[in-house]
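All ligand and atom numbering here is 1-based and tracks the order in the structure. Computed from a predicted structure; not experimentally measured.
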Amino acid sequence: MLAVGKLGIGLVSRCPWHRCHRSLTKLSVQEALSSHSENTKKVKIQGWVRSVRAQKEVLFLHINDGSSLQNLQIVAEPSLQHSSIRFGSAVEVSGALVRSVGTKQSVEVKAEDIRVIGECDTTDFPFKIKERHPPEYVRQFPHLRCRTNTFGSLLRIRSAATAAIHEFFRNNDYVHIHTPIITSNDCEGAGELFQVQTGSKNPAPGDDGGFFGIPAFLTVSGQLHLEVMSGAFKKVFTFGPTFRAENSQGRRHLAEFYMVEAEVSFTENLEDIMKVMEDLFKTTTSSLLDKCAEDLALFFKYVSPGQKERCEKLIANKFIVMSYTEAIEILQKAPVTFQYSTEWGCDLQTEHEKYLVKHCGDFPVFVVNYPYDLKPFYARDNEDGPRHTVSAVDLLVPGIGELFGGSLREERLHILQSRLDRLGLANTYQWYLDLRRFGSVPHGGFGMGFERYLQCILGVDNIRDVIPFPRYPYSCLL
Ligand code: 4AD
Ligand code: MG
């Protein structure tokens with residue numbers, strides 16, 4: 001086995017250093033930090049240098065390997081000092097894990113050997129030691145920003161939130177479905193589609209119809225595929241990348257984002273769907289507050305002071321519910337001038353959503369029963385009038401506005417058929433109509449924007465700072 005690095009480790013089997021270090025326990029920084037053993041342990045730690053402090057008699061290093069926000073302190077004889085041990089360089093430290101005499105950490109490693117695996121050219125490295133860089137600056141380096149403390153914490157929180165969401169659904173007996181990324185449907189009917197084509201060097205098998213013989217797109221939602229599954233499974237969910245060709249530079253829009261979607265069969269009540277939405281939000285948030293306290297504390301201290309108390313308030317109280325009609329009445333009575341119309345029938349814009357959330361005491365609010373013409377063909381007709389509505393719901397949250405969108409689905413064949421006929425979509429959606437022919441049941445579901453959820457919990461202003469590699473108009477770096 002050949003290892004890499006300027007100062008090279010060489011062939012392991014021939015390396016005397018490696019032979020004598022085989023008895024070392026390899027630990028992550030997190031494992032080392034949480035070690036409670038009173039006995040000295042011989043360990044090997046690998047990571048990147050976050051700080052170097054050379055004193056006359058002793059060399060202090062702090063290293064990090066992504067497993068925790070906290071760094072591990074390494075204490076070494078000055079003889080182990082080497083010019084390539086610098087901020088950003090990758091190192092492997094062997095030594096004794098001992099109780100620390102310092103007050104800032106409980107353990108430290110007394111180094112017997114420090115090997116530099118990869119040097120770092122600090123003159124060109126864009127991040128400076130101990131400096132807090134503004135997000136707009138950090139965003140310019142999508143290939144390096146995971147090395148900053150804030151982005152490191154974000155990525156650990158994102159990973160924990162993904163696991164908590166899967167756990168929520170598993171604990172509630174949902175079946176996870178991998179819905180396709182390439183699809184021939186436009187679920188939302190908004191035309192915000194990215195079309196999939198082969199590159200010019202790979203001629204498509206079908207001449208005009210392209211690779212698939214029909215137009216194909218990146219999915220805007222896995223809902224219709226979940227609805228297929230909800231004809232055989234009472235509870236299903238999906239959680240994957242979703243694409244929208246929305247020409248928006250806004251702070252809550254991405255061209256590629258992750259959506260959590262669920263579908264529940266044998267449900268006649270929008271409240272049942274809203275309960276799942278609220279439970280998902282609260283359970284995931286409680287889990288994060290419990291499991292990611294240290295990483296969250298960084299956000300609560302430097303990015304969004306006061307956010308911890310706001311999060312605790314979000315999970316402690318029941319979300320508010322109001323109808324679209326009530327929302328419009330509130331907006332019409334508002335002592336502010338909105339840029340967009342507040343007539344009954346108009347779509348709620350960000351400015352309206354923000355006002356409604358403020359009106360509710362900066363607290364989440366479900367808005368239910370939207371005008372028929374505002375929602376896609378699948379939303380269940382309330383058959384009311386003259387203000388004709390559907391059983392659809394959006395959850396609006398502080399700092400973001402719309403976080404979830406959901407509805408009961410139209411399960412009655414004749415009503416769905418006539419709506420699709422009017423839209424000229426009946427041929428396209430024969431298979432969807434089939435679902436209403438063969439054992440149709442009342443059902444409903446929702447989608448939650450995962451990045452907007454993270455923004456809401458962390459108090460992060462721009463959605464581009466909660467996803468590893470953001471895609472938006474004129475930007476597809478890496
Ligand atoms: O409201 P939307 O469009 O609903 C649907 O797609 C439904 N088919 C979901 C379902 O019922 N299964 O999208 C759901 C959520 C929004 O509330 C928002 O949080 C997020 O997805 N979202 C976006 N997030 C980031 N960037 C964008 N461009 C987004 N568009 C929607
Ligand atoms: Mg929506």
(message) I'd like to know if Glu353 and Arg252 make a salt bridge, using a cut-off of under 4.0 Å between side-chain N and carboxylate O.
(response) yes

(request) Select one of side chain, backbone, both or neither to describe which atoms of Phe257 lie under 4.0 Å from any atom of ligand 1, heavy atoms only. (result) side chain

(message) Any atom of ligand 1 sitting under 4.0 Å from a heavy atom of Arg409?
(response) yes

(request) Validate the cation-pi geometry between Arg132 and Tyr302: distance from NZ or CZ to the six-membered ring centre under 6.0 Å, angle to the ring axis within 45°. (result) yes

(request) Would you kindly check if the NZ (Lys) or CZ (Arg) of Arg147 is within the cone defined by 45 degrees around the ring axis of Phe151 and under 6.0 Å from the six-membered ring centre? (result) no

(message) Against ligand 1, does Tyr453 come closer than 4.0 Å with any heavy atom?
(response) no

(message) Below 4.0 Å, non-hydrogen atoms only: which portion of His253 touches ligand 1? Side chain, backbone, both or neither.
(response) both

(request) Report yes or no: is the cationic atom of Arg409 (NZ for Lys, CZ for Arg) under 6.0 Å from the centre of the six-membered ring of Tyr432, at an angle within 45° of the ring normal? (result) no

(request) Identify, by atom number and element, the atoms of ligand 1 in contact range of Gln223, meaning under 4.0 Å from any of its heavy atoms. (result) 7 (C), 8 (N), 10 (C), 11 (O), 12 (N)

(request) Flag yes if more than 12 heavy atoms outside Glu268 fall under 6.0 Å of its CD atom; otherwise flag no. (result) no

(request) Taking the side chain as every heavy atom from C-beta outward, state whether Ser221 and Glu261 have any atom pair closer than 4.5 Å. (result) yes

(request) Tell me, please: is Glu263 in heavy-atom contact with ligand 1, that is, under 4.0 Å? (result) no

(message) Nearest non-hydrogen contact with atom 28 (N) of ligand 1 belongs to which option: Arg471, Glu246, Glu261, Met448?
(response) Glu246

(request) Can you list, by chain and residue number, the protein N, O or S atoms under 2.8 Å from the Mg ion (ligand 2)? (result) Glu402 OE2

(request) Might you point out which heavy atoms bring Trp48 and Gly88 nearest each other, and give the distance in Å? (result) CD1-O, 3.6 Å

